[in-house]
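Structure first, commentary second.
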Amino acid sequence: ILNVEQSPQSLHVQEGDSTNFTCSFPSSNFYALHWYRWETAKSPEALFVMTLNGDEKKKGRISATLNTKEGYSYLYIKGSQPEDSATYLCAFRANNNDMRFGAGTRLTVKP
Amino acid sequence: NAGVTQTPKFRVLKTGQSMTLLCAQDMNHEYMYWYRQDPGMGLRLIHYSVGEGTTAKGEVPDGYNVSRLKKQNFLLGLESAAPSQTSVYFCASRKYTSGNTGELFFGEGSRLTVL
């Protein structure tokens with residue numbers, strides 16, 4: 001069973017706050033861990049694809065880390081802006097190319 | 001470059017009717033996926049394909065069939081629609097990369113309502 005858990009379910013922060021979310025996934029049969037950003041009325045768009053234990057990726061104010069041995073990844077947003085408001089999804093890829101998503105963390109950034 | 005295109009975008013069916021959703025990608029991607037999105041449940045994998053002529057079951061395959069006769073197209077069929085299949089359906093594709101770094105590219109979604 002490929003359970004992918006994300007926490008928290010939702011988060012409300014003030015503009016300028018830094019925040020982070022967690023994605024937990026099976027620690028066996030790991031091939032890749034993806035993070036996607038999903039704005040309302042749009043399609044999900046990829047932020048990061050991570051494949052190696054200890055990977056750290058950064059794109060502007062957003063960064064992510066990966067621990068495949070314990071089965072978790074963190075997504076960090078530094079200095080949140082209202083335009084960061086979206087649902088952030090993680091997806092676990094097993095070695096048979098099956099890709100399972102977590103339920104997402106809905107972030108709301110208040111001006 | 002159209003990317004991933006889903007048709008139709010909206011459909012209303014009566015219980016027991018059949019229909020097919022078409023996903024087409026013009027990026028020559030090897031892998032294609034069908035997901036359904038329901039409130040509070042994220043994206044759940046229905047079926048996927050790792051290449052032309054091959055399909056595999058995902059997390060919630062019951063009540064759906066798929067076919068990948070051409071590399072660029074992945075069809076999702078509902079033989080006898082049920083109200084529980086009311087959902088938004090997303091297709092996605094991914095390119096094979098030797099480093100497993102290929103990301104998913106999504107279509108715009110198809111909203112299906114079964115009465």
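Letters A, B, ... are given to chains in the order of the sequence lines, protein chains preceding strands, and every chain is numbered from 1. Keep in mind that this is a model prediction, so the values were computed, not measured.
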Under a 4.5 Å heavy-atom criterion, the part of residues 28-62 of chain A in contact with chain B comprises A:Tyr31, A:Ala32, A:His34, A:Tyr36, A:Trp38, A:Ser43, A:Pro44, A:Ala46, A:Val49, A:Thr51
Give the table of side-chain donor-acceptor pairs shorter than 3.5 Å for residues 11-21 of chain A, with sequence neighbours excluded, one pair per line with atom names and distance.
residue, atom, partner, partner atom, Å
A:Asp17, OD2, A:Gln14, N, 3.1
A:Ser18, OG, A:Gly79, N, 3.1

Transitive ILVMFWY side-chain link [X] to [Y], under 4.5 Å:
| X | Y | result |
| --- | --- | --- |
| B:Tyr48 | B:Tyr64 | no |
| B:Tyr89 | B:Leu13 | yes |
| B:Leu78 | B:Val60 | yes |
| B:Val66 | B:Met19 | yes |
| A:Met99 | B:Tyr31 | yes |

Of the backbone (N, CA, C, O) and the side chain (C-beta and beyond), which part of [X] lies under 4.5 Å from a heavy atom of chain A, both, or neither?
| X | result |
| --- | --- |
| B:Tyr35 | side chain |
| B:Leu45 | side chain |
| B:Arg44 | neither |

Can you tell me if [atom1] on [X] sees more than 12 non-hydrogen neighbours from other groups inside 6.0 Å?
| X | atom1 | value |
| --- | --- | --- |
| B:Glu108 | CD | no |
| B:Lys70 | NZ | no |
| B:Glu52 | CD | yes |

When rounded to the nearest 0.5 Å, the distance separating CG of A:Asp98 from NZ of B:Lys57 is 13.0 Å
* Asked: Would B:Tyr33 and A:Asn97 satisfy side-chain contact (heavy atoms from CB on, under 4.5 Å), going step by step from the backbone distance to the final call?
  -> CA-CA 10 Å; B:Tyr33 301 81; A:Asn97 293 303; 4.2 Å; yes
If one checks every heavy atom of A:Arg106 against chain B at 4.5 Å, the contacting part turns out to be neither
Closest heavy-atom pair, B:Gly40 versus A:Ala103, reported as atoms and distance to 0.1 Å, is O-CB, 3.9 Å
